[in-house]
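Structure record follows, encoded as C-alpha cells.
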2 protein chains.
Amino acid sequence: MFSAASMPVTTADKTFLSIRNDIVEGVIVAGSKLSETELSTKYGVSRAVIREAINRLEANHLIERKANIGAKVVTLSPEGLSELYQIRESLEGMAARLAARNMTDEEIVSLNELLTSHFDKVKTGERYYQEAGDLDFHYRIIIGSKNKQLISLLSNGIYHLVRMYRVQLGMAGPRVTTAYDEHKNIIQAISHRDEELAEILMRRHIDYSRQNIARKLSSVNPTGV
Amino acid sequence: MFSAASMPVTTADKTFLSIRNDIVEGVIVAGSKLSETELSTKYGVSRAVIREAINRLEANHLIERKANIGAKVVTLSPEGLSELYQIRESLEGMAARLAARNMTDEEIVSLNELLTSHFDKVKTGERYYQEAGDLDFHYRIIIGSKNKQLISLLSNGIYHLVRMYRVQLGMAGPRVTTAYDEHKNIIQAISHRDEELAEILMRRHIDYSRQNIARKLSSVNPTGV
DNA sequence: TTAATTAATAATGTCGACAATTTTAGAGGG
DNA sequence: CCCTCTAAAATTGTCGACATTATTAATTAA
C-alpha cells in the first residue's frame with residue numbers, strides 16, 4: 001500500500017496512520033469528539049504530535065475542526081454518502097477517461113491480468129474481491145490517469161472516507177459478480193482507447209455502487225447511521 | 001468572501017491567510033523553500049503557529065512537504081495547469097449538473113441578475129469581469145450544487161491554486177465577451193433544469209478557459225514558468 | 001585535484017509549560 | 001423551579017527549549 005517514498009518516518013506519521021485506521025475501522029466511533037489530551041495519553045505521544053495528526057486527518061476529510069473548540073470525527077449519513085459518491089463519480093470518471101488516454105500498453109495488460117485473477121477468486125468463492133480487489137482495480141485506473149493532482153486528491157484525499165463508509169457499513173454483497181462484468185467493460189473501453197466510453201462506464205459503475213450501498217444503509221438503519 | 005462562521009480568530013488563522021495570500025500573489029515566489037524559522041520571524045509568530053499554517057497550506061495544495069526536509073511552494077508548470085483544469089472540468093461539471101437539480105428558483109434569478117450586472121460592466125469597459133466576476137459566477141454554481149463536500153473540495157481545496165495560476169500569469173484577455181456568452185448558456189441550461197446540458201456546457205467552458213491560459217503560458221514562456 | 005569521511009552547522013521534529021478560550025459547576029436571585 | 005451571573009475546571013492555542021535529522025564545511029587520503 002505504501003510506496004517507499006511515503007513510508008512513515010516520524011512519530012507524527014505513525015500516530016496519524018494509527019488514528020486514521022482507528023477512525024476508519026470504527027474503533028474511534030463516528031461523530032465522537034477527539035480530545036487532544038486523551039489521544040496524547042492513549043497513543044503515548046505529546047500533544048504537538050497529536051495536533052499534527054489532527055491536521056492531516058482534517059485534510060483527509062475524516063474529522064472536522066472548530067477553532068478553540070476541537071475536532072470531531074465526521075458522522076456517516078445517507079446524504080454524506082451520496083455527496084461522496086457524486087464526487088467519486090466525477091473524479092474517477094475523469095480518471096478513466098485519462099487512463100484510456102495515458103495508460104501504457106503494459107499497464108493495460110497488467111490490469112487485464114488483475115481482472116483474470118479476480119475472476120478465479122470469485123469462482124472459488126473467495127470473499128477477496130469486493131474488499132481489496134475492487135479498491136485495487138480503481139486504484140490502478142487512478143494511477144493510470146497520470147494526473148498527479150488527481151491521484152493525490154483521490155488516494156490521499158477522499159479515499160479513506162470511502163473506506164470508512166465501506167468498512168463501517170459492512171460491504172459484502174451480491175454485487176461481486178456484476179461488478180466484475182462492469183470492470184471488464186471498463187478495461188475493454190480503455191484497451192480500445194475510447195475515452196468517452198471509459199468515462200461513461202466508470203460513472204455508471206460508481207453510481208450502481210452508490211445505489212447498492214445506499215440501499216444497504218437505508219435497510220439496516222432507515223433513519224441514518 | 002468570508003462567512004461569519006469561518007472568520008479568522010486565532011493567530012494561526014490570520015498567519016495562514018497572510019502566507020497563503022503572499023503565495024498566491026507571488027510575494028513568496030513559486031518553487032521557493034519555506035523556512036519555518038524565517039517565516040517565524042517575518043510574520044512575528046512562533047514556529048508552532050507557522051507549522052499549523054504550513055499544514056493548512058498543504059491541504060490547499062499550495063505547498064509540498066517532505067519529512068525532516070521541509071516545505072516548498074508548488075511550481076507552476078503547463079502540466080500542473082493542465083492537470084488542475086482537468087480536475088476543475090470534472091468537479092465543476094458535476095457542480096453544474098447538481099446546481100441544475102438543486103438550486104432554488106430564487107438562486108437562479110439572482111444568478112441571472114449577476115450576469116446582467118456583468119454585462120453592463122463589460123459594456124462600459126470595466127476590467128471587473130474576468131477577475132472577480134468569473135470567480136463569483138463559478139462560486140455561485142458550486143454553492144448551488146448543495147453538495148457540502150464538493151463545495152469544500154473546490155473552495156477550500158483547489159480554488160486558491162487556480163487563483164495562483166491566474167494571478168501570476170496575469171489573466172486579462174479577449175475571453176471576456178465570449179466567456180459571457182458561455183456563462184449565459186450555462187445559466188439557461190440550469191434554468192431549464194437540464195442537468196446533462198449544464199454539465200456539458202460547464203465542462204466545455206472550463207476547457208476553453210484552460211486552452212486560453214495554456215496559450216498565454218506557452219507564448220510568454222515557451223519552456224514553462 | 002578529487003573523492004570520501006567527519007565534524008560543525010542549521011533545519012525540522014518533539015516536548016512540557018504557560019496563556020487564552022470554552023465549558024462546566026455552583027451560588028444567588030427572581 | 002428556572003434563569004443569570006460567577007468562578008472553577010478543563011480544553012485548545014501559543015511559546016521557547018531540547019532532540020533528532022539533514023545539510024554544509026572542513027579535513028584527510030588517494
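Order of the sequence lines fixes the chain letters, A, B, ..., with proteins taken first and strands second; residue numbering starts at 1 for each chain. These figures come from a predicted structure and were not determined experimentally.
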Test log, rule side-chain contact (heavy atoms from CB on, under 4.5 Å), inputs A:Glu107 and A:Leu111: CA-CA 6 Å; A:Glu107 285 174 317; A:Leu111 188 56; over 6 Å; no

Salt-bridge contact B:Glu64-B:Lys33 (side-chain N to carboxylate O under 4.0 Å): no

Pairing of A:Glu52 and B:Arg65 as salt bridge, 4.0 angstrom limit: yes

Polar side chain donor-acceptor pair, A:Asp134 to A:His183, under 3.5 angstrom: yes

Backbone of A:Pro78 reached by a side-chain donor or acceptor of A:Ser82 within 3.5 Å: no

Spacing of A:Ile54 atom CD1 relative to D:dT11 atom P, expressed in whole Å: 13 Å

Contact letters for nucleotides 12-24 of chain D, in which S counts primed atoms plus P, OP1 and OP2 and B counts the base, heavy atoms under 4.0 Å: BBBB-B---SS--

